[in-house]
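These notes concern the structure reproduced below.
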Amino acid sequence: MNNNFVFPNTDFKTAKNLDRLDELARYRQEFFQDDPDLIYLDGNSLGRLPFRTLTLINQTIENEWGSQLIRSWNRGWIELPRRLGGKISSLVGAHPDEVLVSESTSTNLFKLTLAALSERPGRKRIISDVLNFPSDLYILQGIIKLLNQGHELVLIPSRDGITIKTEDLFAEIDANTALVCLTHVAFKSAFMFDMATISQKAHENGALVLWDLSHSVGAVPIELNKCEADLAVGCTYKYLNGGPGAPAFLFVRRDLQSRFLQPVWGWFASKTPFDFELDFTPAPDLARFQVSSPPILSMKAIEPALDILLEAGIERLYKKSQQASEYLIYLADQWLVPLGFELGSPRNVELRGSHISLRHPESFRIARAMIEATPPAVKVIPDFRVPDNIRLGITPIYTSFVDIYRGVDRMRAIVEQRTYEQYSNERMTVT
Ligand SMILES: *Cc1c(COP(=O)(O)O)cnc(C)c1O
């Protein structure tokens, strides 16, 4: 066991000391925070706003949209999807010409899945798992209905509700499998798949593999090329801090780009959009996976945080993420498990992404009490995920050890003092 992951005691002083030793601590001030008593543990749903983004967006609106108007397209706007893709490529172990920013994660999954299935005609099985994000499964279900060719979605069960056994997955990958479509880090439990062995198994059987990186990009190292991944999609508003509903990214392996064709033939997918030809000719490269005019303001907002993450380096981010999540579990074991909480994430740090789920029968009301606290109590923002998970996101670039200490300490107080009993079980639209 790595010494970084052994903690001397549950004293507040230890949390402060860990922050003092944290090489990434200085990056915290790059992010907007106006309430010192707000503990934000939800950066895996919506990352914080970088100050650099605030400045850049104001400048873009005034100088580029305001003054330069349409001339801005030729002064950098048109290249944004590729330029941002190039920066994301270094976070996911891909070549710069393999990643593109466009549309949403769900839409990109739709485009790439259809491209993949038409490259494996005759094969009828699509493999995913019960821990996958529902939107991904809905997209696959919709595609099967649309194609009406007898495809089958096979969902690998979870034996413990937290992990998927590799042997259970491998047992279903066969010569009739067209596509293995998995989320690298599970949104609820944070279970992380072994990308290399799964890609290899899929390829041995002639299947393609598509990874959803939404819950891993920016927090854990990803090696798409080394793992010989075929296709990938991912989100930029979580650990990448790109802003609410920020455009997503897609990855297509170099040698597949000129063969695979996605089904939404917008003008930006065509070889020469500004020739206004009547018949569609796809762009020869990654550009064919675009659809429409990129949403420039939202795209611009992605870049400053990417620069900050690249400067920090994914190895350091991952080390911090592991140490911080181990610290959270250490405190939870001491303080929360005796109060009826259970760990809803893998205990082995190697099998986890950067969030921790804690389960309790009263999780919903506890989460409300965390969010709606009145001073002097601190407010803590986690996610609630049905049926009983409180999900605590650790964003290595700005979550501090003191944040974790104060967050877990507050949860202990809410349960010990039964503060949650003042709250109802009524659900809000977004949880
Ligand atoms: C967050 C997330 C998405 C988001 O999908 P959108 O289409 O951007 O709303 C998709 N898949 C996974 C695994 C996610 O975690």
Side-chain angles (χ1 to χ4, degrees), residues 42-48 81 84-85 88 91-92 99-114 126-143 153 155-156 158 162 164 179-193 195 198 209-220 222 224 229 231-251 262 264 289 291-292 294-295 298-299 301-302 305 344-345 352-357 382-386 389 391-395 429-431:
D42 210 0
N44 57 329
S45 268
L46 177 64
R48 280 189 183 276
L84 298 175
I88 292 171
L91 292 172
V92 299
V99 182
L100 183 74
V101 174
S102 81
E103 284 86 38
S104 67
T105 307
S106 304
T107 306
N108 288 335
L109 186 72
F110 178 82
K111 286 150 56 185
L112 296 192
T113 299
L114 275 163
I126 304 170
I127 313 289
S128 191
D129 71 88
V130 296
L131 303 182
N132 202 351
F133 192 64
S135 187
D136 295 31
L137 301 179
Y138 303 159
I139 293 290
L140 298 175
Q141 290 160 13
I143 285 174
L153 177 60
L155 295 186
I156 310 302
S158 168
I162 294 174
I164 301 288
L179 180 68
V180 178
C181 182
L182 300 171
T183 291
H184 183 216
V185 168
F187 79 105
K188 216 182 283 184
S189 73
F191 169 67
M192 181 161 63
F193 278 112
M195 189 180 277
I198 293 168
V209 53
L210 193 168
W211 292 100
D212 186 331
L213 306 174
S214 294
H215 259 90
S216 41
V217 65
V220 305
I222 298 165
L224 289 174
L231 305 160
V233 297
C235 176
T236 66
Y237 51 78
K238 294 170 179 165
Y239 295 109
L240 297 190
N241 312 301
F249 65 90
L250 59 83
F251 156 89
Q262 57 91 6
V264 192
F289 296 92
V291 176
S292 310
S298 307
M299 289 241 171
I302 298 173
S345 296
R352 287 199 309 261
S354 200
H355 61 277
I356 298 292
S357 272
D383 264 327
F384 168 77
R385 284 291 173 266
V386 286
N389 290 275
R391 197 177 68 169
L392 304 167
I394 292 163
T395 305
T429 315
V430 177
T431 58

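Keep in mind that the numbers below use all heavy atoms, side chains included, and drop hydrogens, waters and symmetry copies. Source: prediction; values computed, not measured. Counting starts at 1 for both ligands and their atoms, in listed order. All residue numbers in this chain count up from 1 along the given sequence.
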S189 versus I162, closest heavy-atom pair with distance: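 Smallest heavy-atom distance, with atoms named: OG-O, 2.7 Å.
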
Minimum-distance pair of heavy atoms, taken over all atoms of S45 and K238: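 Here S45 and K238 meet closest at O-CG, 3.9 Å.
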
Exercise answer, ligand 1 polar atom pairs (N/O) under 3.5 angstrom:
{"unit_1": "ligand 1", "atom_1": "7 (O)", "unit_2": "S106", "atom_2": "N", "d": "2.9"}
{"unit_1": "ligand 1", "atom_1": "7 (O)", "unit_2": "S106", "atom_2": "OG", "d": "2.6"}
{"unit_1": "ligand 1", "atom_1": "8 (O)", "unit_2": "Y237", "atom_2": "OH", "d": "3.1"}
{"unit_1": "ligand 1", "atom_1": "9 (O)", "unit_2": "Y237", "atom_2": "OH", "d": "3.4"}
{"unit_1": "ligand 1", "atom_1": "11 (N)", "unit_2": "D136", "atom_2": "OD1", "d": "3.0"}
{"unit_1": "ligand 1", "atom_1": "11 (N)", "unit_2": "D212", "atom_2": "OD2", "d": "2.8"}
{"unit_1": "ligand 1", "atom_1": "15 (O)", "unit_2": "H215", "atom_2": "ND1", "d": "2.9"}
{"unit_1": "ligand 1", "atom_1": "15 (O)", "unit_2": "K238", "atom_2": "NZ", "d": "2.5"}

K111 (side chain) donor-acceptor with V264 (main chain) under 3.5 angstrom: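 Answer holds: no.
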
Under 3.5 Å: donor-acceptor pair, side chain of N389, backbone of R391: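 Not at all, since once roles are kept as given, no pair shorter than 3.5 Å links the two residues.
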
Pairwise side-chain hydrogen bond (donor to acceptor under 3.5 Å, both in side chains) hits with a residue in residues 126-135, at least two apart: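 Checked against side-chain hydrogen bond (donor to acceptor under 3.5 Å, both in side chains) - neighbours excluded - the pairs reaching residues 126-135 are S106-S135, S128-N132, N132-T183.
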
Geometric class of the F187/F133 ring pair [parallel <30°, tilted 30-60°, perpendicular >60°]: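 Geometry flag for F187 against F133: perpendicular rings.
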
